[in-house]
Amino acid sequence: MGGGTTKIGDPSGRDETRTLLNDATIASNIASILKAFDRLLTFGTGKTDAMMVNNADWLDGLQYIPFLRDIGKHFTINRMLTMDSVKLRLEREQPLTFLEFNYMILQGYDFVELYKRLGCTLQLGGSDQWGNIIQGVDLGRRVVDAELFGFTCPLITTASGAKMGKTAAGAVWLKAERLSPYDYYQFWRNTEDGDVGRFLKLFTDLPLDEIARLEKLEGADINDAKKVLALEATTLLHGTDAARDAAETARKTFEQGGIGEDLPTVEIDGAILKTGIATWDLFQRAGLAASNGEARRLIRGGGAKLNDQKCDDENAVVTADALVNGIIKLSAGKKRHTIVKAIG
RNA sequence: GGAGGGAUGGCCGAGCGGUCAAUGGCAGCAGACUGUAAAUCUGCCGACUUAUGUCUACGAAGGUUCGAAUCCUUCUCCCUCCA
């Protein structure tokens, strides 16, 4: 964990100085990240178990002068200026502070420190980390005569060039509290055709010959491959049960036009339904519109459905009569569905 | 220290006294077409129980004016050049 380096901020790929966080925020972020990774890695003390270390352990106590003399002398400004993270910022005439300029030195130092403490000899990262990793490799050779290695992979984009990680609802979160298994499943289910094969290889553990078979599918059949992708990816993160439930909810919702149990659910006071509530208000409360005005626009635009019936009048009053088995299904467009449940 | 240039809605970027909630592009949302895909086309895209209405908004605070994103003053931050 970059508990120390986050106080500096990696200048890679951004024009603006990263917002500096305070210690409490950093600590809570680290705890949160540990929880997210816990789903994917086995942390422990065993031979092959994962361990999480925090570079604040050795960076926070660094003394400036000794550090400059021992480590700083191995870095030339000439070389540092050729690093993309620095070069791009300068070329675009964006400010780069001395603080950020030091980031690569610290990350390089991290690698050496990890080698000395834990015998770590390989650093993996996105291709934007290449420069930072190489600095560590070089530094290792110079100060501890170690042979270190770097391994980078291209940052993942979709076939149409968009950066990964964004969905209609915002970012793709790994924690179920931020993005439900169902929404996570849907994220993968909606993968572009051209990405399916690549994503199957990158984000699932399926054997390559199975993936090769799925890749051969064409036209509408590609949907079968997408279902496999979504199911496998969701299983890895949320487990078999959650993934199966998500798949079942998606099947019911999209293939039968019914109501899946895992759809986002919003509770509403039964008394409100008794007296009646305007349609636009209901959509807003269900979280399908960010503001009342947006809800109205959604309905006016013809994108809103209540129990699969198109809503024509934003001011129409919805009452308890609309409840079917105690719930109302609201839809914004074809993909965003929410269940409203009356309570009390 | 000196001389210039700049700060506009999620982002980029026009506007340079009224017709500006602010051109255009991107992103986003919805509709059509489809396969819960992409591409394309269409509409929407500050908030408010929607109103030819109110409020908030063009870095911040004052001022000029019937009226300011647009003019003036001060401040903050950024960029470029010179030292």
Side-chain angles (χ1 to χ4, degrees), chain A residues 13-17 19 89-97 100 157-172 182-200 214-215 217-231 233-234 246-260 262-264 272 275-306 308 310-318 330-338:
Chain A
R14 60 185 75 230
D15 275 346
E16 309 239 328
T17 302
T19 312
R89 188 80 80 86
L90 294 179
E91 275 172 4
R92 302 182 63 172
E93 299 189 344
Q94 295 296 325
L96 176 73
T97 63
E100 295 171 277
T157 56
T158 68
S160 51
K163 284 211 184 94
M164 284 288 290
K166 298 202 75 181
T167 75
V172 176
Y182 165 74
D183 286 321
Y184 188 75
Y185 177 95
Q186 281 298 301
F187 169 75
W188 294 107
R189 176 64 250 267
N190 286 302
T191 297
E192 291 176 33
D193 284 7
D195 291 326
V196 176
R198 196 160 53 98
F199 286 1
L200 278 167
L214 292 168
E215 273 184 308
L217 297 173
E218 286 181 12
D221 290 339
I222 292 178
N223 283 321
D224 291 335
K226 290 183 188 178
K227 285 179 200 166
V228 174
L229 170 64
L231 185 67
T234 308
E248 179 59 13
T249 291
R251 196 185 63 77
K252 271 190 195 158
T253 306
F254 290 99
E255 293 176 23
Q256 299 184 345
I259 298 172
D262 272 10
L263 288 176
I272 294 175
T275 50
I277 180 171
T279 306
W280 57 263
D281 198 357
L282 189 60
F283 272 87
Q284 195 274 123
R285 290 187 196 216
L288 290 172
S291 68
N292 294 339
E294 191 177 308
R296 286 171 187 279
R297 277 182 240 122
L298 175 70
I299 296 166
R300 280 182 204 171
K305 290 202 197 98
L306 190 149
D308 298 313
K310 187 171 162 190
C311 299
D312 296 314
D313 181 4
E314 70 213 51
N315 291 315
V317 174
V318 180
L330 295 183
S331 310
K334 293 184 194 112
K335 290 188 189 167
R336 294 155 62 214
H337 305 283
T338 292

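To find a chain, count down the sequence lines: A is the first, B the second, and so on, and within it residues start at 1.
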* To do: Start with the C-alpha distance between H337(A) and Y182(A), add both sets of side-chain angles, then the distance that settles ring-ring contact (aromatic ring centres under 6.0 Å, His included), and finish with yes or no.
  => CA-CA 11 Å; H337(A) 305 283; Y182(A) 165 74; 8.5 Å; no
* Rounded to whole angstrom, note down the C1' distance from G67(B) over to C48(B). => 25 Å
* **Spacing between F283(A) atom CZ and A30(B) atom C1', to the nearest angstrom** => 12 Å
* Structure fact -> All heavy atoms of G260(A) vs all of T249(A), minimum pair found to be CA-CG2, 3.6 Å
* Structure fact -> Here the pair of heavy atoms bringing T279(A) nearest to C311(A) is CG2-SG, 4.0 Å
* Could you measure between the two P atoms, the one in A7(B) and the one in A69(B), and give it in whole Å? => 16 Å
* To do: Enter the distance from E192(A):CD to K226(A):NZ here, rounded to the nearest 0.5 Å.
  => 8.5 Å
* **Euclidean distance for P, G25(B) against U40(B) (whole angstrom)** => 14 Å
* To do: At under 4.0 Å between heavy atoms, which parts of nucleotides 32-39 of chain B does protein reach? Answer with one letter per nucleotide, 5' to 3': B base, S sugar-phosphate only, - none.
  => S-BBBBS-
* Could you state the atom-to-atom distance from CZ of R336(A) to C1' of G31(B) in whole Å? => 14 Å
* Structure fact -> Between W280(A) and the options N292(A), D313(A), N315(A), the side chain to side chain donor-acceptor pair (under 3.5 Å) test singles out N315(A)
* Asked: Within a reach of under 6.0 Å around CD of E218(A), are more than 12 heavy atoms found that belong to other residues, nucleotides or ligands?
  -> no
* Asked: Any ion pair linking D195(A) and R198(A) (charged N to carboxylate O, less than 4.0 Å)?
  -> yes
* Could you work out the separation of U34(B) and A38(B) based on their C1' atoms and round it to a whole Å? => 10 Å
* Please report the shortest heavy-atom distance between D308(A) and G257(A), naming the atom on each side. => OD2-O, 3.4 Å
* Asked: Taking atom CD1 of I222(A) and atom NZ of K227(A), what is their separation to the nearest 0.5 Å?
  -> 13.0 Å
* Span that lies between the P atom of U8(B) and that of G13(B), in whole angstrom -> 9 Å
* When the P atoms of A68(B) and U19(B) are considered, how many whole Å apart are they? -> 10 Å
* For nucleotides 40-53 of chain B, read 5' to 3', which letter fits each nucleotide if B means a protein heavy atom sits under 4.0 Å from the base, S means only the sugar-phosphate is that close, and - means neither? -> ----SS-SSBB---
